[in-house]
There are 4 protein chains.
Amino acid sequence: MARPKSEARRQTIIDSAIKLIAREGLGAATAAIAKDAGVPNGSLFTYFPTKVELFNALYTEIKEELISTVDDGLSNAGDEREQLLHVWARWTRWGAANGEKRRVLAQLSMSEDVLESTKMAGFAAAHRSVNLIRQVARHGALRGQDSAFVGAVVESLANTTMDFMSRNPKHAEEVCMSTFEFLWKALR
Amino acid sequence: MARPKSEARRQTIIDSAIKLIAREGLGAATAAIAKDAGVPNGSLFTYFPTKVELFNALYTEIKEELISTVDDGLSNAGDEREQLLHVWARWTRWGAANGEKRRVLAQLSMSEDVLESTKMAGFAAAHRSVNLIRQVARHGALRGQDSAFVGAVVESLANTTMDFMSRNPKHAEEVCMSTFEFLWKALR
Amino acid sequence: MARPKSEARRQTIIDSAIKLIAREGLGAATAAIAKDAGVPNGSLFTYFPTKVELFNALYTEIKEELISTVDDGLSNAGDEREQLLHVWARWTRWGAANGEKRRVLAQLSMSEDVLESTKMAGFAAAHRSVNLIRQVARHGALRGQDSAFVGAVVESLANTTMDFMSRNPKHAEEVCMSTFEFLWKALR
Amino acid sequence: MARPKSEARRQTIIDSAIKLIAREGLGAATAAIAKDAGVPNGSLFTYFPTKVELFNALYTEIKEELISTVDDGLSNAGDEREQLLHVWARWTRWGAANGEKRRVLAQLSMSEDVLESTKMAGFAAAHRSVNLIRQVARHGALRGQDSAFVGAVVESLANTTMDFMSRNPKHAEEVCMSTFEFLWKALR
DNA sequence: GATGAATGAGGATTCATTCAT
DNA sequence: TATGAATGAATCCTCATTCAT
């Protein structure tokens, strides 16, 4: 009974938060986000009791979108190389096409307001790619390193790649592929 | 009347800014920085008329320190591999040993408050390493890519490496060397 | 349709209100009270259309409990002294044992949100004690004073006494009795 | 150097705080206090970094005024009775004439925001009256009780008395004197 | 009737920068 | 020049009450 929380409303707030945080950083005012979302400022706090909780929800939401994009179709890919290429291409293309989300995710990843537990949950959800990367790297230069480190190396490379892809849409595919070769050579 | 009185004072402010920004992010209050530096809040603005100017000075200062650390002795290194190793080891060891500066530099690099011109000056000052990297990469997977991109790839790798080195001091050297092999294989 | 469904529910709300107001003052949020009571926040307003009405109900409820505690057995007490002792002992012991209620009553008594009419009704309900006190005081130092004033004097003494009794449970009885002697000497 | 804090300004803020808190309780808005004082809201926090610190300053200020009023001329009073009368009359007349301050002090005394240390300092400053009261009470009904308790008893009596005096200015003196007799009889 | 989401006017506090001293 | 008080818009969040379901 009573009015249920509106999923649509929640999503509008998330969307506006992404837009404004991409533009103004984590300092973006909750009131501005609410206004952009077309909801009264108090209502933002009905959905996210705290700015920090909004940050965490944002992190989870974006990370999940990314992971499901990357994972989608992964099981149909062929050998290790094909699989890594699948992950890499989907990852970087998503990032190139979703600049705001990518930038927001980058900010949130560096923020102390996103709880360690939230970050770890994101890491855990990415297990398919993480495992793949670990497997690929098992004989290469990074063999024996903590898989979190290997993952972080790949992630930082991905971020740099996405960044250049969106700045340079014409050469995006080429950058994507070159960097994949770079990665492949180094990792194995 | 030359520069405002004390160079020492300027440096104290810079140091406190690094300390507080590392701890609290770019939102650290100018008054808090001044207080930590033992300087009246108004005086901070004698040295840096604006918080943004403080940011830019900070960026330049840290970047210069990093570059001079990396460049120091570079001309004595042997072949390309030795030279790159020199750069890599000095870079990452500096970062591992100077966590606050590294973190502040990372924040500033993402901030819109640090002017494009400031960032470009930093890039230009790093020309020796940049050239070296470009040269090493001239036949590898990233051949033909914008040298800013190649530089960014190496930089992101360095950042990730430094991060793990300082979190894991006992394995710092091992991480440093493995990652160098990773880089070397990939780049050539 | 008679009174809203559940008397029990009303009482739960009252109890939670006492608990939270004792702890946080009259600023305690209605939502917090409802939550503590295990009642949806909207429902609180079914029972008490306004926070002010909740305050008034609280005042009346606590005052009634106090008065009935004090009046109970009063008719069996002997002479004036015995009767006053009966009143005094029951009053202060109740207060010592019901710290939260006492503190809430004190807050409400000072609040402008409790209507004058509510306060007067409480005063009227206490007529047995009030009359007794007036009677005892008819020859003493306060003879001729407004009986509301005499009552207020005794009440303030009682409040101070209860306060010390609950802070100092071991000497509670002693404090109770000494203060009675104090009162008795002064009043007659 | 620089602009010194203005004692006058501080006092204006204190005065406005007394006025508004007397009228609206401790919930009076800092912004309203600042506005009433004719200072920008931010300036209030230059003088009192926190609302709680304002409360503590208020408590101390009012208590000091009261104590110095009461103590003034006390050493010229004659025997114990005269001295107690001096204290009593000055105390209650001050309260009757300074309704706002008295009400504010009463609110602050009950507030958890006024630190125990602040309250204790106030108690300590009142040592002359406290000692006098203890001395007077040394043989009476309250002999052997904690002097804080004896003091509290007298204080509560004083508060009730002042309250009636200001409500009933025509009988103020009579109430004052009757209550003194009450106190004298009870205490000795 | 019961529920709990919706509302938006406050509320305390912060802060970069200015300017009187 | 050095100082630190002054400023007021901006910030996150709260809350009594209403009203859709």
Side-chain angles (χ1 to χ4, degrees), chain A residues 1-6 9-10 26-35 39-54 113, chain B residues 1-6 9 26-35 39-55 113, chain C residues 1-6 9 27-35 39-55 113, chain D residues 1-6 9-10 26-35 39-55 113:
Chain A
M1 312 147 197
R3 200 180 323 188
K5 263 184 236 189
S6 150
R9 221 158 198 234
R10 197 191 114 98
L26 298 179
T30 54
I33 293 169
K35 186 176 182 183
V39 305
N41 71 67
S43 292
L44 185 147
F45 295 94
T46 301
Y47 289 84
F48 308 98
T50 276
K51 201 187 189 188
V52 166
E53 295 194 43
L54 173 61
D113 285 339
Chain B
M1 17 193 133
R3 209 175 314 178
K5 220 171 172 181
S6 148
R9 219 162 203 217
L26 299 179
T30 53
I33 293 169
K35 186 176 182 184
V39 169
N41 73 64
S43 296
L44 185 148
F45 293 91
T46 303
Y47 292 84
F48 308 96
T50 275
K51 201 188 189 186
V52 166
E53 296 195 43
L54 172 61
F55 285 166
D113 286 339
Chain C
M1 16 193 135
R3 208 179 311 181
K5 220 172 170 182
S6 147
R9 219 161 201 221
T30 54
I33 293 169
K35 185 176 183 185
V39 169
N41 72 65
S43 294
L44 185 148
F45 293 91
T46 302
Y47 292 84
F48 307 97
T50 277
K51 200 187 189 187
V52 166
E53 296 195 43
L54 171 61
F55 284 167
D113 286 339
Chain D
M1 311 145 196
R3 200 179 321 186
K5 262 185 238 188
S6 149
R9 223 157 195 234
R10 196 191 115 98
L26 299 179
T30 54
I33 293 169
K35 186 175 183 185
V39 306
N41 71 67
S43 293
L44 185 148
F45 294 94
T46 301
Y47 289 84
F48 307 98
T50 277
K51 200 186 188 189
V52 165
E53 295 195 44
L54 172 61
F55 285 166
D113 286 339

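Each chain gets a letter, A, B and so on, in the order the sequences are listed, and its residues count up from 1. Quick caveat, the model's predicted, so the values are computed rather than measured. For the numbers below, each heavy atom of this structure counts, side chains included, while hydrogens, waters and symmetry mates do not.
- E:dA5 atom C1' lies 8 Å from atom CZ of A:R9, rounded to whole Å.
- Between B:T46 and F:dT1 there is no side-chain N or O to OP1 or OP2 distance below 4.0 Å.
- C:A28 comes within 4.0 angstrom of the backbone, heavy atoms only, and of no base.
- Between the P atom of F:dC12 and the OH atom of A:Y47 lies a distance of 20 Å, rounded to the nearest Å.
- A sub-4.0 Å separation between OP1 or OP2 of F:dT18 and a side-chain N or O of A:R3 is absent.
- Although no hydrogens or angles enter the test, the distance criterion places a donor-acceptor pair under 3.5 Å between the side chain of D:K51 and the main chain of D:L26.
- Comparing B:G42 and A:T50 by the nucleotide of DNA chain F whose heavy atom lies nearest to each, the residue mapping closer to the 5' end is B:G42.
- For A:D113 and F:dC12, the CG to C1' distance is 12 Å, given to the nearest whole Å.
- A distance-only check finds no donor-acceptor pair linking the side chain of B:Y47 to the backbone of B:L54 [under 3.5 Å].
- Between A:I33 atom CD1 and F:dT11 atom P there is a gap of 11 Å when expressed in whole angstrom units.
- Considering all non-hydrogen atoms of both residues, A:L44 and A:I33 come closest at CD1-CG2, 3.9 Å.
- Each of A:A29 and D:P40 was assigned the nucleotide of DNA chain F with the nearest heavy atom; the assignment lying further toward the 5' end belongs to D:P40.
- Comparing D:P49 and A:V39 along DNA chain E, the residue whose closest nucleotide (by nearest heavy atom) sits nearer the 5' end is A:V39.
- In this structure, D:N41 atom CG and F:dT7 atom C1' are separated by 9 Å, rounded to whole Å.
- Here the shortest heavy-atom pairing between A:T46 and A:K5 reads O-NZ, 3.3 Å.
- A close approach under 4.0 Å does not occur between any side-chain nitrogen or oxygen of A:R10 and OP1 or OP2 of E:dA5.
- Here the C1' atom of nucleotide E:dT18 and the NZ atom of B:K51 are 17 Å apart, to the nearest Å.
- Phosphate proximity of E:dA16 to B:T30: present, with a side-chain N or O under 4.0 Å from OP1 or OP2.
- Residue A:K5 contributes atom NZ, which lies 17 Å from atom P of E:dT3 at whole-angstrom precision.
- Regarding contacts with the backbone of F:dT3, a side-chain N or O of B:S43 is found under 4.0 angstrom from either OP1 or OP2.
- Minimum interatomic distance between D:F48 and D:R10 (heavy atoms only, all atoms of both residues): CE2-NH1, 3.5 Å.
- Between the C1' atom of E:dC15 and the CG atom of B:L44 lies a distance of 13 Å, rounded to the nearest Å.
- Taking a pair to require two hydrogen-bonding distances under 3.5 Å in either a Watson-Crick or a G-U wobble arrangement, F:dT17 pairs with E:dA6.
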